[in-house]
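Letters A, B, ... mirror the listed sequences (proteins, then strands); counts begin at 1.
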There are 2 protein chains.
Amino acid sequence: MKNYRISEAEWEVMKVLWEQSPRTANEVVEALKGQKWSAATIRTLIGRLARKGAVGFRKSGREYLYGPSISREEAARRERGSFLRRVYDGAVQPMVAGLLEDENLSAEDLESLRRLLDEKRRGRK
Amino acid sequence: MKNYRISEAEWEVMKVLWEQSPRTANEVVEALKGQKWSAATIRTLIGRLARKGAVGFRKSGREYLYGPSISREEAARRERGSFLRRVYDGAVQPMVAGLLEDENLSAEDLESLRRLLDEKRRGRK
DNA sequence: CCTGATCATTTACGTCTGTAAAACATCATA
DNA sequence: TATGATGTTTTACAGACGTAAATGATCAGG
């Protein structure tokens with residue numbers, strides 16, 4: 001598995017494919033219609049992702065059908081690891097602490113996280 | 001305040017300056033001695049950060065003393081926001097949930113997070 | 001003063017990324 | 001068959017980034 005980085009613009013393309021795939025380039029263009037890129041730009045982004053190996057494709061009639069080669073969870077996991085290493089030298093606690101300090105979490109979110117934390121702590125005993 | 005991105009290599013330089021500043025370029029080079037860059041590379045990174053405005057400097061004798069123009073907390077906050085937007089469309093809960101799932105947290109970390117969560121939840125009532 | 005050392009700045013070069021048009025290949029229809 | 005439409009691939013160009021040497025400016029010591 002070759003190491004590659006998914007750029008910010010490429011993330012938007014990946015999201016569309018994670019949401020629904022396989023898709024033709026036209027369908028991806030349509031899905032990203034509200035954003036700032038031309039169809040040509042989006043096609044380039046797809047092509048670059050394909051060359052990197054982040055996106056796979058197969059011929060269907062005269063078109064290609066594109067799909068992600070990596071799950072959204074896995075991609076998120078990698079990016080998270082990279083982010084943690086870069087910004088916090090890998091330390092989780094200060095990151096979450098900073099997050100809780102600054103971000104707006106709903107009561108449901110907090111409850112849900114509390115439950116997850118409890119499970120994790122129980123698993124530690 | 002102009003928008004700029006601090007690259008991965010530049011983060012390492014910033015960390016050194018956050019740890020102790022002001023510092024001369026030579027001191028930064030010395031602090032990063034164990035890593036993979038030549039002194040020339042590190043000087044370029046410093047110069048780029050300065051041009052971006054992430055690092056400030058003042059003359060001292062024949063050398064410059066460099067220091068960060070932005071706090072570590074603020075830089076972390078920006079990067080965190082960018083990361084959340086890109087990978088999770090800004091949603092915190094799934095990010096923390098994924099984190100708890102994958103990362104190795106110590107019992108102390110979990111306890112500390114639990115406390116933070118509780119404070120946050122109390123503040124919500 | 002001259003020369004070497006030292007520090008900052010400029011230059012170099014390849015790759016990646018953002019943005020998108022141009023060129024090419026193929027299909028469908030008149 | 002010719003032409004226009006359509007989808008893919010190639011090309012374009014500027015700036016950022018990684019990596020670092022080359023050059024210029026200034027200082028210090030013989």
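Applying the side-chain contact (heavy atoms from CB on, under 4.5 Å) rule to A:Val29 yields the partners A:Ala39, A:Ile42; only residues at least two apart in sequence or on another chain are considered. Annotation: salt bridge (charged side-chain N to carboxylate O under 4.0 Å, His left out) contacts of A:Arg23 (sequence neighbours excluded): none. With sequence neighbours excluded, the residues satisfying salt bridge (charged side-chain N to carboxylate O under 4.0 Å, His left out) with B:Asp118 are A:Arg114, B:Arg114, B:Arg121. Looking at residues two or more places apart in sequence or on another chain, you find a side-chain contact (heavy atoms from CB on, under 4.5 Å) between B:Ser71 and B:Glu73, B:Glu74. Residues meeting the salt bridge (charged side-chain N to carboxylate O under 4.0 Å, His left out) test with B:Glu101, sequence neighbours left out: none. Scored by the salt bridge (charged side-chain N to carboxylate O under 4.0 Å, His left out) test, B:Glu63 finds no partners at all (sequence neighbours excluded).
Remark: B:Arg48 does not engage B:Glu10 in a salt bridge, criterion side-chain N to carboxylate O under 4.0 Å. The pair B:Glu30-B:Lys33 meets the salt-bridge criterion, since a charged nitrogen lies less than 4.0 angstrom from a carboxylate oxygen.
Using a 4.5 Å heavy-atom threshold, the side chains of B:Met14 and B:Leu49 count as touching. Between A:Leu65 and A:Lys59, every side-chain heavy-atom pair lies at or beyond the 4.5 Å cut-off. B:Ile46 has its side chain within reach of B:Tyr66: a pair of non-hydrogen atoms, C-beta onward, lies under 4.5 Å apart. Taking 4.5 Å as the limit, every side-chain heavy atom of A:Leu17 sits out of range of all side-chain heavy atoms of A:Arg72.
Among residues at least two apart or in separate chains, ring pair (Phe, Tyr, Trp, His ring centres under 6.0 Å) pairs with a member in residues 5-35 of chain A are A:Trp11-A:Trp18.
The nearest whole Å value for the distance from the CD atom in B:Gln35 to the P atom in D:dA20 is 12 Å. Regarding B:Leu45, its CG atom lies at a distance of 15 Å from the P atom of D:dA16, rounded to whole Å. Note: OH (A:Tyr64) to C1' (D:dT9) measures 9 Å, nearest angstrom. The distance from atom CG of B:Leu32 to atom P of D:dG18 is 13 Å, rounded to the nearest whole Å. Rounding to whole angstrom units, CG of residue B:Asn3 and C1' of D:dA16 are separated by 15 Å. One interatomic measurement links the two molecules: CZ of A:Arg48 to P of D:dT10, which rounds to 13 Å at whole-angstrom precision.
In this structure, B:Tyr4 does not reach the D:dA16 phosphate: none of its side-chain N or O atoms is under 4.0 Å from OP1 or OP2.
The two residues B:Pro22 and B:Arg58 make their nearest non-hydrogen contact at CG-NH1, 3.8 Å. Nearest heavy atom pair, residue B:Ser7 against residue B:Lys52, reads N-NZ, 4.2 Å.
Between the two ends of the helix from C:dC1-D:dG30 to C:dA30-D:dT1, each summarised by a five-pair axis, the helix axis turns through 30° (rounded to 10 degrees).
The closest donor-acceptor contact from the side chain of A:Gln35 to the backbone of A:Leu32 lies at 3.5 Å or more, if one exists at all.
Using a 4.0 Å heavy-atom criterion, one finds that B:Phe57 contacts no nucleic acid atom at all.
Protein chain A touches strand DNA chain C; the 5'-most and 3'-most nucleotides with an atom under 4.0 angstrom of its non-hydrogen atoms are C:dT17 to C:dC27.
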Listing time: all N or O pairs from protein to nucleotides 26-30 of chain D that are below 3.5 Å?
| residue | atom | partner | partner atom | Å |
| --- | --- | --- | --- | --- |
| D:dT26 | O2 | B:Arg62 | NH2 | 2.6 |

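Looking at residues 36-44 of chain B, you'll see B:Lys36, B:Trp37, B:Ser38, B:Ala40, B:Thr41, B:Thr44 sit with a heavy atom under 4.0 Å from some atom of DNA chain D. Non-hydrogen atoms lying under 4.0 Å from DNA chain D are contributed by B:Arg5, B:Ser7, B:Glu8, B:Ala9, all within residues 5-25 of chain B.
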